[in-house]
Amino acid sequence: EMEDVAGAVGCFRKALAMDRRVGEPETAATLNNLASAVMSQRKAREALELQRRSVAILRGSLGPGHVRTALAESNLADILSAVGRGVEAR
C-alpha cells in the first residue's frame with residue numbers, strides 16, 4: 001500500500017510540474033490530491049502547505065462560496081485537526 005502511495009505522490013508531483021495553468025482550479029485539484037497522498041505518508045507539514053496553496057487558488061479563481069473551495073477548506077481543516085491544530089481549523 002505504501003508503494004502505491006509513493007507512486008501516486010510521484011505522479012501528482014509530475015503533473016504539478018507539467019501544469020502550465022498556475023492559479024487554475026485544475027492546479028488546485030492536483031495540489032489537493034498531492035496533499036492527501038503526502039498526508040497518508042505522515043508528512044503533515046508538507047501536506048498543510050500544499051493544501052493551503054490549493055485553498056488559496058480556489059478562493060481566488062472560484063470564490064470563497066464555491067463548493068470546490070469549501071471542499072478544499074474542509075480538507076485543510078482535517079489536516080489541521082490531525083496535527084493538533086483543530087482550533088485553527090475553525
Side-chain angles (χ1 to χ4, degrees):
E1 182 177 302
M2 289 308 287
E3 290 176 9
D4 292 339
V5 172
V9 166
C11 288
F12 291 134
R13 289 189 196 284
K14 184 176 181 180
L16 199 56
M18 292 175 11
D19 198 343
R20 302 284 186 232
R21 300 163 299 187
V22 176
E24 295 293 324
E26 292 77 14
T27 303
T30 302
L31 287 164
N32 181 73
N33 292 336
L34 179 56
S36 177
V38 166
M39 188 65 185
S40 70
Q41 292 180 320
R42 302 179 191 262
K43 297 178 182 176
R45 181 178 291 158
E46 183 181 0
L48 191 56
E49 171 62 27
L50 292 163
Q51 195 61 39
R52 281 190 168 137
R53 287 175 53 200
S54 176
V55 168
I57 289 169
L58 291 171
R59 283 181 183 161
S61 62
L62 300 177
H66 195 278
V67 66
R68 287 177 63 183
T69 305
L71 179 58
E73 289 171 338
S74 175
N75 292 342
L76 177 59
D78 289 344
I79 295 169
L80 287 166
S81 293
V83 298
R85 294 166 63 180
V87 172
E88 190 179 337
R90 297 180 196 161

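Small disclaimer: the values here were computed from a predicted structure and weren't measured.
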(request) Output all residues satisfying side chain to side chain contact (heavy atoms under 4.5 Å, CB included) with Ala28, sequence neighbours left out; order by chain, then residue number. (result) Ser54, Ile57, Leu58
(message) Give me each pair satisfying salt bridge (Lys or Arg N to Asp or Glu O under 4.0 Å) with a member in residues 55-65, each pair once, sequence neighbours excluded.
(response) Arg59-Glu73
(message) Please enumerate all residues that pass salt bridge (Lys or Arg N to Asp or Glu O under 4.0 Å) together with Arg68, with sequence neighbours excluded.
(response) none
(request) Output all residues satisfying side chain to side chain contact (heavy atoms under 4.5 Å, CB included) with Asn75, sequence neighbours left out; order by chain, then residue number. (result) Asn32, Gln51, Leu71, Asp78
(request) Taking the side chain as every heavy atom from C-beta outward, state whether Thr30 and Lys14 have any pair of such atoms under 4.5 Å apart. (result) no
(message) Working to the nearest 0.5 angstrom, can you tell me the gap between Arg53 CZ and Leu34 CG?
(response) 8.5 Å
(message) If we ignore hydrogens and angles and just use 3.5 Å, is the side chain of Ser81 paired with the main-chain N or O of Ala77 as donor and acceptor?
(response) yes
Can you give the donor-acceptor pairs under 3.5 Å from side chains of residues 43-50 to other protein atoms, not counting sequence neighbours?
unit_1, atom_1, unit_2, atom_2, d
Glu46, OE1, Arg13, NH2, 3.3
Glu46, OE2, Arg13, NH1, 2.9
Glu46, OE2, Arg13, NH2, 2.6

(request) Enter the distance from Ser74:OG to Ile79:CD1 here, rounded to the nearest 0.5 Å. (result) 10.0 Å
(request) Apply side-chain contact (heavy atoms from CB on, under 4.5 Å) to the pair Met39 and Val5, showing each step before the final yes or no. (result) CA-CA 10 Å; Met39 188 65 185; Val5 172; over 6 Å; no
(request) Could you tell me whether the side chain of Thr69 and the main chain of Gly63 form a donor-acceptor pair under 3.5 Å? (result) yes
